[in-house]
2 protein chains.
Amino acid sequence: MSRPPRTRPTLEEVAAKAGVGRGTASRVINGGEKVSERARLAVEEAIAELGYVPNAAARALVTRRTDTIALVIAESEERVFGEPFFAGIVRGIGSALAAADRQLVLLLAQASERRGALDDYLTRQHVDGVLLLSLHDDDQLPERIRAHGVPVVVGGRREGVSSDFVDVDNLQGARLAVQHLAGLGRRHIATIAGPADMVAGHSRFEGYVAALTAADLPIDDRLVARGDFTQQSGAEAMRALLASGAEVDGVFCANDLMAVGALQVLRDAGRQVPDDVAIVGFDDAPIGLSTVPPLTTVHQSPEQMGREMVAMLLEATGAPGVPQPGLMLPTHLVVRGSA
Amino acid sequence: MSRPPRTRPTLEEVAAKAGVGRGTASRVINGGEKVSERARLAVEEAIAELGYVPNAAARALVTRRTDTIALVIAESEERVFGEPFFAGIVRGIGSALAAADRQLVLLLAQASERRGALDDYLTRQHVDGVLLLSLHDDDQLPERIRAHGVPVVVGGRREGVSSDFVDVDNLQGARLAVQHLAGLGRRHIATIAGPADMVAGHSRFEGYVAALTAADLPIDDRLVARGDFTQQSGAEAMRALLASGAEVDGVFCANDLMAVGALQVLRDAGRQVPDDVAIVGFDDAPIGLSTVPPLTTVHQSPEQMGREMVAMLLEATGAPGVPQPGLMLPTHLVVRGSA
DNA sequence: GTGGGAAGTGGGAACGCTCCCAAAACACCA
DNA sequence: TGGTGTTTTGGGAGCGTTCCCACTTCCCAC
């Protein structure tokens with residue numbers, strides 16, 4: 001528990017070596033306004049010679065900022081590293097943050113046990129703000145963190161919360177998809193829905209219901225199957241749909257991966273897509289381009305979502321305590337071969 | 001640039017409210033040896049009432065530790081979130097670190113531009129140590145970081161480095177696979193190799209060559225195809241192999257995903273697996289269980305690799321500057337239906 | 001020369017914590 | 001009751017920065 005000996009040069013030593021005061025050395029390091037050329041050179045040389053690197057803790061202590069932002073993904077590793085959705089959103093966040101000169105750190109919120117540690121980390125001024133990505137909506141994490149004055153922006157809407165979030169308009173997207181199927185003359189439109197405890201799951205399902213109602217089509221329980229967003233679960237759901245005995249001439253899948261699974265099952269069952277059964281997915285994932293036929297799908301842009309989250313968070317850091325109005329990102333339909 | 005006003009309670013205020021000294025309050029917070037019950041209770045109450053959270057920067061400044069470890073993954077988001085390998089290793093790392101009461105932060109080292117920022121972050125005492133996962137081996141990052149006294153352990157061996165790394169013994173694993181095929185009496189063993197600029201790519205290929213040589217089988221260029229570890233590339237490679245005109249009765253695929261692609265192509269081409277062509281993959285990925293036939297593969301454990309990396313890093317933090325001997329993790333063959 | 005504004009500089013104070021040590025409080029025994 | 005240990009306690013010092021302010025130096029116009 002005893003403190004390891006210091007080994008790294010300090011600003012004071014740099015200043016001494018350069019023959020200037022501490023203040024001047026500090027000025028050179030931080031943007032260096034109002035420093036004579038001579039002094040700047042001397043300091044820079046001293047820094048190089050000593051291999052000086054500023055101590056972030058000392059700096060953070062006085063500035064009260066760290067210039068780093070945490071992205072918390074509250075999912076199992078398996079899901080995080082499985083969903084291509086995350087790749088996009090992380091890329092969007094990463095590039096937006098880089099442009100704003102902030103460092104991004106990713107935290108995976110593995111299950112309950114580590115929760116205390118996570119709270120601590122986020123709350124102890126390690127980071128200036130938190131982006132939270134959780135597909136489930138049962139979590140008080142954002143509130144707990146905000147209570148300590150740390151701004152939080154959530155990706156994905158949560159029940160009963162109308163600020164500080166960015167989400168894709170899942171409901172509208174699902175409606176688009178189902179409208180399209182109905183517009184094609186399909187009258188027996190099934191859905192392979194996602195888990196009900198995820199926003200993307202239930203709001204896409206709501207969109208399905210809303211669009212059917214709007215098109216005066218009945219809602220048939222036998223036409224509703226559920227998956228967990230994996231390809232395999234999509235295949236199983238499709239098999240269940242076929243086995244239900246109900247007539248099916250269109251399927252709206254809550255994501256592309258499940259649509260791919262469904263496509264395979266239909267092919268194996270000898271049903272023609274789109275002639276016998278039309279299929280629409282959701283996500284506009286790359287894989288939808290390489291299926292046969294290529295997948296008609298609802299386009300969303302995780303990258304844009306990431307960028308918007310960052311913009312909102314930076315806004316919030318500027319005006320602490322002021323809730324930022326939530327943002328719903330529109331989607332559009334990409335019509336390809338499957339419907 | 002001006003410093004935002006303080007709003008959060010400090011230890012001093014907690015102590016005042018509890019009617020004790022700063023020292024006592026600190027003792028309560030950190031393990032609390034040698035504190036009277038009365039004082040402990042008073043402090044705990046004050047903490048709860050004030051919503052006090054210790055300031056990590058101030059603490060790090062004096063202790064010179066942060067109890068956080070960075071995991072740097074030097075890959076594109078796409079690859080990171082695609083490879084299931086990462087899920088396993090991150091899980092291993094995460095749980096080992098949790099057990100050691102360290103916080104894990106993930107940094108994605110997007111391309112060149114952000115490199116300076118990454119170096120800075122790692123070097124400025126934000127973290128006590130760095131785990132580096134890069135499948136490419138052209139990077140000086142570990143050296144740069146070590147130069148500032150921060151311990152680094154690399155996952156995946158790098159050319160010419162014999163310490164501070166953990167890797168799976170890819171060469172031995174590949175040899176196992178090819179030996180198995182040869183032992184089955186296959187004489188025309190092809191390989192679908194991975195990218196040559198990744199350790200896993202070229203050392204598995206080396207293993208293939210070594211095993212063929214050991215079995216007195218010739219090395220035929222027409223029997224070597226390359227993929228990029230994706231399923232699609234595996235399929236393409238298999239098509240190329242078939243199109244080459246060379247006889248093929250066994251294929252060693254450098255990972256399971258490519259093996260799955262190959263399997264599909266063989267099925268579509270009417271070749272029986274394993275009778276006409278035997279296939280062995282590498283990774284023991286879950287997907288290999290659900291193929292038809294189930295995939296024979298080389299087992300490796302990313303989780304174990306993650307745990308070993310953590311163990312080595314913690315060792316290194318204890319003995320700074322002392323190089324830790326590198327560690328090669330053994331693999332073994334899992335024989336299932338495909339070979 | 002001289003006055004005065006601008007540019008550049010040094011270093012004290014503060015950030016919020018842990019470490020440590022000397023002092024206070026308590027316990028026990030003769 | 002006093003003496004001797006043993007807990008427990010308070011608070012000074014210091015961690016490495018940035019911020020700020022008072023001071024010096026420089027330059028130019030008069």
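Here is how names work: the chains are called A, B, and so on, in the same order as the sequence lines, proteins then strands, and each is numbered from 1.
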Problem set entry | Under the ring pair (Phe, Tyr, Trp, His ring centres under 6.0 Å) test, residues paired with A:F165 that sit two or more places apart | none
Exercise. Sequence neighbours excluded, which residues qualify as side-chain contact (heavy atoms from CB on, under 4.5 Å) partners of A:Q125?
Worked result: B:R8, B:N55
Seminar exercise, completed: When the rotation axes relating C1' atoms of four end pairs to the next four are compared across the helix from C:dG1-D:dC30 to C:dA30-D:dT1, five pairs an end, they differ to 10° by 40°
Exercise. For B:A100, what residues pass the side-chain contact (heavy atoms from CB on, under 4.5 Å) criterion, not counting sequence neighbours?
Worked result: B:R102, B:L314
Exercise. Considering residues at least two apart in sequence or located in another chain, which fulfil the salt bridge (charged side-chain N to carboxylate O under 4.0 Å, His left out) criterion with A:E12?
Worked result: A:R22
Problem set entry | Which nucleotide in C:dC17, D:dT17, D:dT18 has an atom nearest any side-chain atom of A:E12 | D:dT17
Problem set entry | Listed partners of A:E45 passing salt bridge (charged side-chain N to carboxylate O under 4.0 Å, His left out), at least two apart | none
Exercise. Does B:T66 have any side-chain contact (heavy atoms from CB on, under 4.5 Å) partners at least two apart in sequence or in another chain, and if so, which?
Worked result: B:A60, B:T68, B:D128
For this session: Go through the structure and list residues passing salt bridge (charged side-chain N to carboxylate O under 4.0 Å, His left out) with A:R307, not counting sequence neighbours.
Result: A:E303
Exercise. Can you name the side-chain contact (heavy atoms from CB on, under 4.5 Å) partners of A:D164, sequence neighbours left out?
Worked result: A:R146, A:P323, A:Q324
Problem set entry | Interatomic distance, A:L61 CG vs C:dT18 C1' [rounded to whole Å] | 13 Å
Exercise. A:T24 side chain to A:V20 main-chain N or O, any donor-acceptor pair under 3.5 Å?
Worked result: no
For this session: Rounded off to whole Å, could you give me the CG-to-C1' distance for the B:N30 and D:dT8 pair?
Result: 17 Å
Exercise. Heavy-atom contacts under 4.0 Å between residues 50-60 of chain A and DNA chain C, which residues?
Worked result: none
Seminar exercise, completed: Readout for nucleotides 4-11 of chain C: B = base within 4.0 Å of protein heavy atom, S = sugar-phosphate only, - = neither; 5' to 3' it is ----SBBB
Exercise. Taking only residues two or more places apart in sequence or in another chain, which ones pass salt bridge (charged side-chain N to carboxylate O under 4.0 Å, His left out) with B:E315?
Worked result: none
